[in-house]
Amino acid sequence: MSLELFNDLTRKKEKFVPLKPGEVSFYSCGPTVYDYFHVGNARPFIVFDVLRRYLEHLGYKVTFVQNFTDIDDKMIHRAHKEKITVPELAERFIAEYNKDADALGIRRPTFAPRATEHIPEIIHTIERIIANGHAYVSNGDVYFDVRSWENYGSLCKQNIEDLEAGARVEPGEKKRDPLDFVLWKAEKPGEPSWESPWGKGRPGWHIECSAMSSKYLGDNIDIHSGGVDLMFPHHENEAAQSEAASGSGKPFVNFWLHNGFLLIDNEKMAKSLGNFVTARAAIEKFPPIAIRFFMLSAHYRSPLNFTTEALEQSASGVSRLRNCRSDLEFAFKTRTGENANFDMNAYKNNLAELDTKFHAAMDDDFNTAAALGVLFELVHLINTSLKENAILPAEFFESSLNALRVYDDILGVIGCEDSETETDAETLEIENLIQERTQARKNKNFARSDEIRNELKSRGIILEDTPQGTKWKRELQ
RNA sequence: GGCGACAUAGCCAAGUGGUAAGGCAGAGGACUGCAAAUCCUUUAUCCCCAGUUCGAGUCUGGGUGUCGCCUCCA
């Protein structure tokens with residue numbers, strides 16, 4: 001089987017074939033950096049991070065671009081309110097974005113371009129659209145001429161008359177048609193502006209993505225993703241602009257992917273509704289890895305309801321995965337040896353079978369919920385093997401740990417990489433306390449034994465007694 | 001009005017027409033100084049009604065309910 005993705009352009013699952021063999025160009029709409037992002041915003045960042053990782057796992061060289069929108073009305077209003085400049089505001093919230101995204105295990109994009117650093121490219125893109133006859137200048141504004149674009153509505157599957165009925169015209173706008181949208185906005189007093197062939201002004205919302213995706217990925221790209229609410233008007237407009245600019249007749253994007261909404265109280269989480277929880281607040285309340293697990297526990301196109309209960313369940317799920325890893329590591333140190341009764345070949349066949357299932361799940365429109373199911377089947381296989389065999393060959397541990405590492409490298413819900421970072425003074429102190437406790441237990445001094453356990457517990461260290469001695473792990477944070 | 005999504009156990013959730021993955025929580029048991037972890041056992045008239053079919057959670061039609069886009073929005 002090979003990777004299939006649900007393409008919103010055709011509303012069907014299609015086999016994923018990149019434009020260039022072995023390479024993937026992938027553009028994902030990023031945040032407007034006027035505030036902290038909320039957990040609803042985090043959903044696409046996390047799920048498309050997983051798609052990106054999976055593509056890399058499959059061996060593709062992925063160029064992943066996610067922009068920062070650092071100039072628009074919201075930026076201007078917020079900067080004004082905070083009494084700082086727009087660039088200062090952008091600088092601050094790009095840093096905050098990176099902080100939260102890093103905590104959530106979202107890998108940095110190959111390129112993270114900012115709109116304001118691409119004004120010449122934006123102007124050039126607009127010039128190409130005008131030259132190709134699909135935009136017009138009106139009093140210092142530049143508008144896209146929607147009526148001149150035959151395919152308009154092909155992504156959102158709306159006919160142009162229905163769109164027309166809902167179209168809005170802002171006071172002061174000088175559009176020929178209500179559907180036309182702005183590419184370049186003439187300067188208003190007190191707002192940031194740049195020189196352009198049409199006078200001073202700033203870019204419209206949609207044009208930056210067209211200009212930057214073209215710069216970093218070319219005029220035809222493999223994948224473009226975002227929340228389902230971006231399908232119209234943002235992505236519809238982007239496609240029209242990009243294709244009108246290139247004039248090549250080739251599609252701007254081969255695969256359009258849109259994630260479903262994160263709901264809260266069964267309603268869309270949105271800044272405008274005021275029912276949002278910032279990612280920052282969520283990270284303070286729940287382990288970030290549990291938030292990640294939660295996002296992957298449903299298919300990315302389904303709605304997903306954000307509740308305390310669901311997050312707590314996710315945290316328990318993550319603990320099960322991590323326990324398996326740490327039990328495996330502990331047993332590797334204490335229970336490795338020859339075991340004639342253990343059928344290593346049969347075990348490897350089981351691993352291979354699960355690997356096939358895992359890939360089948362991910363190949364099916366990156367069905368992370370099903371993939372997590374396979375991961376738990378693997379955990380069960382490992383736990384049962386550990387239970388049934390006192391001694392296991394090194395190969396058992398190596399292959400099991402390797403499998404966990406591979407899947408974690410794609411999903412990021414176990415935290416395989418942070419287990420190897422503990423060789424400091426604290427570790428030594430913990431080991432000493434454990435030794436003292438072991439001695440106390442030998443002397444049946446259970447009072448002292450429990451005292452040590454409780455003391456470590458209060459520091460987030462969990463002790464577990466096993467026939468091979470006491471193992472310790474950190475509580476999920 | 002136009003376009004669309006969703007409805008599976010107490011909760012979350014997967015599901016390619018052949019009598020329902022997985023996780024969380026619960027119950028019973030094993031193990032254990034205690035605890036934790038783990039293992040075993042256990043929990044579903046797949047929203048309703050028709051239809052197609054030898055057979056439907058899965059296809060078709062019709063309901064009901066929930067949500068979303070069409071306006072800034074992930």
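Heavy atoms only: backbone and side chains are in, while hydrogens, waters and symmetry mates are out. Quick note on labels: first sequence line is chain A, next is B, and so on, each numbered from 1.
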Give the residues of [range] touching RNA chain B, defined as any heavy atom closer than 4.0 Å, sorted by residue number.
range: residues 223-231 of chain A; answer: Gly226(A), Gly227(A), Asp229(A), Leu230(A)
range: residues 100-115 of chain A; answer: none
range: residues 271-284 of chain A; answer: Ser272(A)

- Query: Between Lys157(A) and Met269(A), which has a closest nucleotide on RNA chain B that is more 5'?
  - Reply: Lys157(A)
- Task: On RNA chain B, check which nucleotide each of Asn323(A) and Leu263(A) is closest to and give me the residue with the more 5' one.
- Result: Asn323(A)
Across the strands shown, which category fits [X] at heavy-atom distances under 4.0 angstrom: base, sugar-phosphate, nothing?
X: Asp327(A); result: sugar-phosphate
X: Arg437(A); result: base
X: Arg441(A); result: base
X: Ser449(A); result: base
X: Lys471(A); result: nothing
X: Gly260(A); result: base
X: Asn266(A); result: sugar-phosphate
X: Leu386(A); result: nothing
X: Cys324(A); result: nothing
X: Asn383(A); result: sugar-phosphate
X: Phe261(A); result: base

Contacts of type salt bridge (charged side-chain N to carboxylate O under 4.0 Å, His left out), residue [X], not counting sequence neighbours:
X: Lys285(A); result: none
X: Asp327(A); result: Lys471(A)
X: Glu267(A); result: none

Within this structure, what is the [atom1]-to-[atom2] distance between [X] and [N], rounded to whole angstrom?
X: Gln158(A); N: G2(B); atom1: CD; atom2: P; result: 11 Å
X: Glu267(A); N: C6(B); atom1: CD; atom2: P; result: 20 Å
X: Gln468(A); N: C31(B); atom1: CD; atom2: C1'; result: 13 Å
X: Asn237(A); N: C72(B); atom1: CG; atom2: C1'; result: 13 Å
X: Asp8(A); N: A74(B); atom1: CG; atom2: P; result: 17 Å
X: Arg11(A); N: A5(B); atom1: CZ; atom2: P; result: 7 Å
X: Glu236(A); N: C72(B); atom1: CD; atom2: C1'; result: 18 Å
X: Ile382(A); N: C39(B); atom1: CD1; atom2: C1'; result: 15 Å

- Starting from the C-alpha separation in whole Å, work towards a yes-or-no answer on side chain to side chain contact (heavy atoms under 4.5 Å, CB included) for Asn254(A) and Phe16(A). CA-CA 9 Å; Asn254(A) 274 3; Phe16(A) 176 70; over 6 Å; no
- Residue list, ring-ring contact (aromatic ring centres under 6.0 Å, His included) with Phe68(A), at least two apart or on another chain: Tyr97(A)
- Produce a footprint string for nucleotides 11-24 of chain B: one letter per nucleotide, 5' end first; B if the base is under 4.0 Å from any protein heavy atom, S if only the sugar-phosphate is, - if neither. BSSSS-----BSBB
- Item | G2(B) base / Asn159(A) side chain donor-acceptor hit below 3.5 Å | no
- Message: Determine whether a donor-acceptor pair (one donor, one acceptor, N or O, separation below 3.5 Å) exists between the side chain of Arg43(A) and the base of A74(B).
- Response: no
- Item | Non-hydrogen side-chain atoms of Met362(A) and Thr368(A) separated by less than 4.5 Å | yes
- Task: Walk me through it: do Lys333(A) and Gln468(A) pass the test side chain to side chain contact (heavy atoms under 4.5 Å, CB included)?
- Result: CA-CA 10 Å; Lys333(A) 283 183 226 155; Gln468(A) 290 75 37; over 6 Å; no
- In terms of side-chain heavy atoms, does Arg437(A) have a donor or acceptor partner in Ser449(A) at a distance below 3.5 Å? yes
Taking 4.0 angstrom as the limit, do [X] and [Y] come out as a salt bridge?
X: Arg114(A); Y: Asp70(A); answer: no
X: Asp73(A); Y: Lys188(A); answer: no
X: Arg325(A); Y: Asp408(A); answer: no

Nucleotide forming a Watson-Crick or wobble pair with [N], both distances under 3.5 Å:
N: G61(B); answer: C49(B)
N: A9(B); answer: none
N: C69(B); answer: G2(B)
N: G17(B); answer: none

Residue pairs, two or more places apart or on separate chains, that pass salt bridge (charged side-chain N to carboxylate O under 4.0 Å, His left out) and touch [range]:
range: residues 368-390 of chain A; answer: Lys357(A)-Glu377(A)
range: residues 300-320 of chain A; answer: Arg301(A)-Asp365(A)
range: residues 92-104 of chain A; answer: Glu82(A)-Arg92(A), Glu96(A)-Arg280(A), Asp100(A)-Arg280(A), Asp102(A)-Arg108(A)

Please measure how far the [atom1] atom in [N] lies from the corresponding atom in [M], and state the result in whole Å.
N: A14(B); M: C24(B); atom1: C1'; value: 15 Å
N: C46(B); M: G17(B); atom1: C1'; value: 15 Å
N: G62(B); M: A5(B); atom1: P; value: 14 Å
N: G1(B); M: G63(B); atom1: P; value: 13 Å
N: A20(B); M: G57(B); atom1: C1'; value: 8 Å

- Exceeds 12 heavy-atom contacts within 6.0 angstrom, atom NE2 of His57(A): yes
- Tell me, please, which residues at least two apart from Lys271(A) pass side-chain contact (heavy atoms from CB on, under 4.5 Å). Tyr34(A), Asp35(A), His38(A), Asn41(A), Phe276(A)
- Determine the sole option in Arg53(A), Arg107(A), Arg52(A) for which the salt bridge (charged side-chain N to carboxylate O under 4.0 Å, His left out) test with Asp409(A) is passed. Arg107(A)
